[in-house]
Amino acid sequence: MSEASLARLAALHGVATSYSPSRDRTVAVPVGAVVAALAALGVDARTPEAVRAALAARERELAERLLPPTVVYWAGGELPAALAALPDGTRLRIETERGELRSTVEELPPGAHALRVTAPDGRTAEAHLVVAPPRLPAPPGRTYGLLVQLYSLLSHRSWGMGDLGDLAELTAWAGRALGAGFVQVNPLHAAVPGTPTDPSPYRPSSRRYPDPVHLRVEDVQEYARALTSADHRDRVGTLLEGAARLREAVLAKGELIDRDAVWDLKREALEVVRTVPLGPGRRAAYWDFLAEEGEALEDHATWCALAEVYGSDWQRWPTGLRDPRSAETARARGELMDRVDFHTRLAWLTDAQLGTAQRSARDAGMPVGLVHDLAVGVHPGGADAWAQQEYFAAGMSTGAPPDAFNSRGQDWGLPPWRPDRLAESGYAPYRRLLRALLRHAGALRIDHVMGLFRLWWVPRGQAPTEGTYVRYDADAMLAILVLEASRAGALVIGEDLGTVEPGVREALDARGVLGTSVLWFERDWEGTGRPLPPERWRANCLATATTHDLPPTASRLTCDHVDLRHGLGLLARSLDEERAEAAADTGEWLALLTRLGLLNGAGGGISAPCEEAQIQALHRFLLRTPARMIGLWLPDTVGDRRPQNLPGTWDQYPNWRLPIADATGRPVTLEDLAASPRLHALADVLRGRSGNEGGEAS
C-alpha cells in the first residue's frame, strides 16, 4: 500500500497519519488506526486497490462539487471561501429559518438557513448556511461564583443526594447572601440505568435530556394531592421514611451516596404522583412540551421504556429493536406507551425544575446564574447512541493519546460523532443539543472543548496508543456554538486544560469563548517554569484554584492528596519523593503570595488557622488576575480534603459518590454551609471585603 496515497486519502477525510505531542516531536500513528478511522467514515482503505479507488472518488467529488454540505458566514465578515470560489454569474437563493427568501448572504439574520446555488452552466447545488454573530459578548462585568457537584450537596430535604430543589435554594442563597454571580454544576445528563449505575456524570445515556434522579419530588405540583389522597397517603409516608433513612445514612453514618437507591425510591414515588391527573393548565403545558420536543423526546422515552424490558445496552436488544425507525420498534412503542408516557413526563418535570433553579438564580440578582456542563460524549449503549446511530462512528471510541502525564493514553469509551454526517445534516443534532442545554442556563461549560477541533479515535478493542486524530470543521462547530449561545444570551466556557493544539485557544478567544485557568497549572512554561504572576494571566477565562478532577485546595496544601494516591498504590515514585515535589510546588506558590503581600503574615505552615488563611490568600491572588470569572470550589469553603473524582481509579476510590465534608470528613449540609463562618470569610475575600484583594468580583 502506498503510504503517500493513504496519507492523501486520510487528509482529504480529516484523518491524521501523525501527531505532535510536543513542538519538537512528531509521532506516526499506526496504519491500522488510519484504516479503521476511514472505515468508520464509510471509506474502504484495506488494500492498495481500495485506497486508489477511494482517493480517485474523493478527489473527483471535491473537484466537481459547487458547495460543501455546510457553509459558514460570520456576520459582517468576509464572504465565505466556498461562495467566493463560485463561478462568476452564479445565482444564490437562500431560504431563511423563517421562510423568507434572500439572494445575498450579507443581508441575512443569524440562523441556520437553506442555500441553493445555480451556476452559469446550469449546475445546481444545495447546502446548509449557518450565519453566526462574529463573537459572543463578554461577561457582564467581573463576577465570581460557586462550583459544585450537585449530587454532593445534600440538605435536610434531600433524598440521599443533592437535587434540583437544593440547587434552587443554593442559587437563591448564594446570590442574595454571598453576592455570587453564578453556580456551575456537573453535567445533569440522563444516566444509563442499571445496577450498579455508572456514577460518572461524564458517561451519560443522553446529553440532551436531564436525569430525573435530580427531581425534588415534593416540588412536583401533583405530589401534594398524592400525599393527601387516602389511596396513597400511607404509601407516600413509607417513601418519605425511606428518603429520611437514605439522607441520614450519608449525613450521619458516613455512607456513600447511593444513586441507585435514591432513584429506586424516587421512581416509586413518581409512579404514585403520576396517578394524580394533571389539571387543565398543567396538561396544556405538558402537551406543549411534547410538541416542542417532538421525535427526539419520543426516541429518548422509547429507549427508556425498552431498557426496562431488555436492559440498558441497545446493542444487545432483539435485532429489530436496535433500529429506532423499524416497524418492530414502532410496535413495541405502542405496546409500551404507558411507560413511554411516564418517561416523557419525567423529562418535562425535570426540565421545569431546571427552569425554576435558573429563575431562582436570576431573581437573586445573579448576572449569569446556572452554568451547565456539557460532557464530551455519550455511553455507547445509551439513548442518544441508539436514536442517533447515523451520526456516530461505529466501532470507534474517543480518548487521548499518550502524553507526559499518561504514557498509555486514554480510552473514554464514548463513540465520537462523524464529522461528515454532521456536516451533511447542517449539524442538526449538535444544534438541538446546544439549544436544549442553553434553555435554562446563563452559561455553558464545554468539557474538553478541544473536541470541537479534533478528537482522538481509538478502534474498538485496541489500546489507546493505537488511535489517531480525526478533525472536525471547527469553523462550523464554533459558528453553531456562538449562534445558539447568543440566541440564549449565554456565555460559553471551554475546558481547555492539558495538551492543546496550537491555535485552538486563539480561535476560541476570537469568538468570545472563555478558557479555563487553574492556579496550580499556571506557570511560565516557556521560561522559568515558576508560578505565573497575576498580571500575566489571560483575562478571558474562568479562573479557579481547583476542579472536580483535582485535589481540594486544603488537600494540596497539606500534601494529603499524595498520601491518598500512595495508599491506593498510584504513585510512580516513592512517597518521600512525591511529597517533596508536591511541597516544593506548593511552597513556590506560597512564596509568591507572600511577596505580593497576600498572606497577611500567615506564612508557610500547615496548621488549621494558617491553612484557612492560605486558601483565602490563593483566592486573593485570583482577584489580582484579570480573569473575568472566578470560580470557588464549594468544598474548599469548609476545608474538604477528598477529591470528588480521582482520575486513574475505578473501584479503588468512591468517585462521584462523596458528599461535601469538612476537614474531619464530617458531611456538611446546605444548611451548615449557609451558617459557616469559614465560608463567609472566603466569600468576603471574593467580594472585596477583607482587604488585600487588589480587585473585586461582584
Side-chain angles (χ1 to χ4, degrees), residues 139 141-148 170-171 173-184 364-368 517-520 522 531-535 537 539 541-547 550-558 586 589-640 660 662-663 668 672-698:
R142 197 181 197 204
T143 186
Y144 95 95
L146 305 178
L147 316 178
V148 63
L170 175 66
T171 59
W173 165 66
R176 297 178 191 278
L178 304 181
F182 63 91
V183 171
Q184 177 181 302
M366 286 189 173
V368 178
S517 293
V518 178
L519 182 140
W520 308 101
E522 292 296 315
L532 199 64
E535 66 273 10
W537 283 44
C541 73
L542 166 63
T544 70
T546 191
T547 74
L550 296 172
T553 305
S555 177
R556 191 178 289 273
L557 289 170
T558 57
T586 301
W589 279 101
L590 295 178
L592 175 58
L593 298 180
T594 301
R595 288 197 301 272
L596 294 173
L598 298 176
L599 263 177
N600 293 325
I606 58 172
S607 64
C610 186
E611 170 204 300
E612 183 176 344
Q614 289 170 346
I615 293 175
Q616 290 182 13
L618 289 166
H619 288 85
R620 288 191 184 96
F621 178 91
L622 295 179
L623 280 183
R624 287 277 185 96
T625 75
R628 294 182 179 276
M629 299 178 73
I630 297 175
L632 173 58
W633 178 235
L634 194 56
D636 274 354
T637 66
V638 288
D640 201 342
I660 294 176
D662 63 17
V668 176
D672 294 332
L673 286 166
S676 167
R678 179 168 177 162
L679 179 148
H680 283 277
L682 188 50
D684 282 346
V685 166
L686 291 173
R687 298 180 74 180
R689 294 183 174 181
S690 65
N692 270 344
E693 283 72 34
E696 179 179 350
S698 60

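Basis for what follows: all heavy atoms, side chains included, without hydrogens, waters or symmetry-related copies.
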Closest heavy-atom pair and its distance - [X], [Y]:
{"X": "Leu532", "Y": "Phe621", "answer": "O-CZ, 3.4 Å"}
{"X": "Gly181", "Y": "Met366", "answer": "O-CB, 3.4 Å"}
{"X": "Trp633", "Y": "Leu147", "answer": "CE3-O, 3.4 Å"}
{"X": "Leu542", "Y": "Gly631", "answer": "CD1-N, 3.5 Å"}
{"X": "Pro551", "Y": "Arg556", "answer": "CD-NH2, 3.5 Å"}
{"X": "Thr625", "Y": "Trp537", "answer": "CG2-CD2, 3.5 Å"}

What distance do [X] atom [atom1] and [Y] atom [atom2] have between them, rounded to the nearest 0.5 Å?
{"X": "Thr594", "Y": "Gln614", "atom1": "OG1", "atom2": "CD", "value": "8.5 Å"}
{"X": "Leu592", "Y": "Leu590", "atom1": "CG", "atom2": "CG", "value": "9.5 Å"}
{"X": "Thr637", "Y": "Leu634", "atom1": "OG1", "atom2": "CG", "value": "4.5 Å"}
{"X": "Ile615", "Y": "Leu682", "atom1": "CD1", "atom2": "CG", "value": "7.5 Å"}
{"X": "Asp640", "Y": "Asp662", "atom1": "CG", "atom2": "CG", "value": "8.0 Å"}
{"X": "Tyr144", "Y": "Arg687", "atom1": "OH", "atom2": "CZ", "value": "6.0 Å"}

If we only count heavy atoms from C-beta on, is the Leu596 to Pro534 side-chain gap below 4.5 Å? yes

Would a distance-only check, ignoring hydrogens and angles, find a side-chain to backbone donor-acceptor pair under 3.5 Å from [X] to [Y]?
{"X": "His680", "Y": "Ala674", "answer": "yes"}
{"X": "Arg176", "Y": "Gly365", "answer": "no"}
{"X": "Arg620", "Y": "Leu593", "answer": "no"}
{"X": "Trp520", "Y": "Ala545", "answer": "yes"}
{"X": "Asp636", "Y": "Thr553", "answer": "yes"}

Leu170 and Leu673: side chain to side chain contact (heavy atoms under 4.5 Å, CB included), yes or no, with the steps? CA-CA 10 Å; Leu170 175 66; Leu673 286 166; 5.8 Å; no

As a quick check of understanding, evaluate side chain to side chain contact (heavy atoms under 4.5 Å, CB included) for Leu178 and Leu686, giving each step before the final call. CA-CA 9 Å; Leu178 304 181; Leu686 291 173; over 6 Å; no

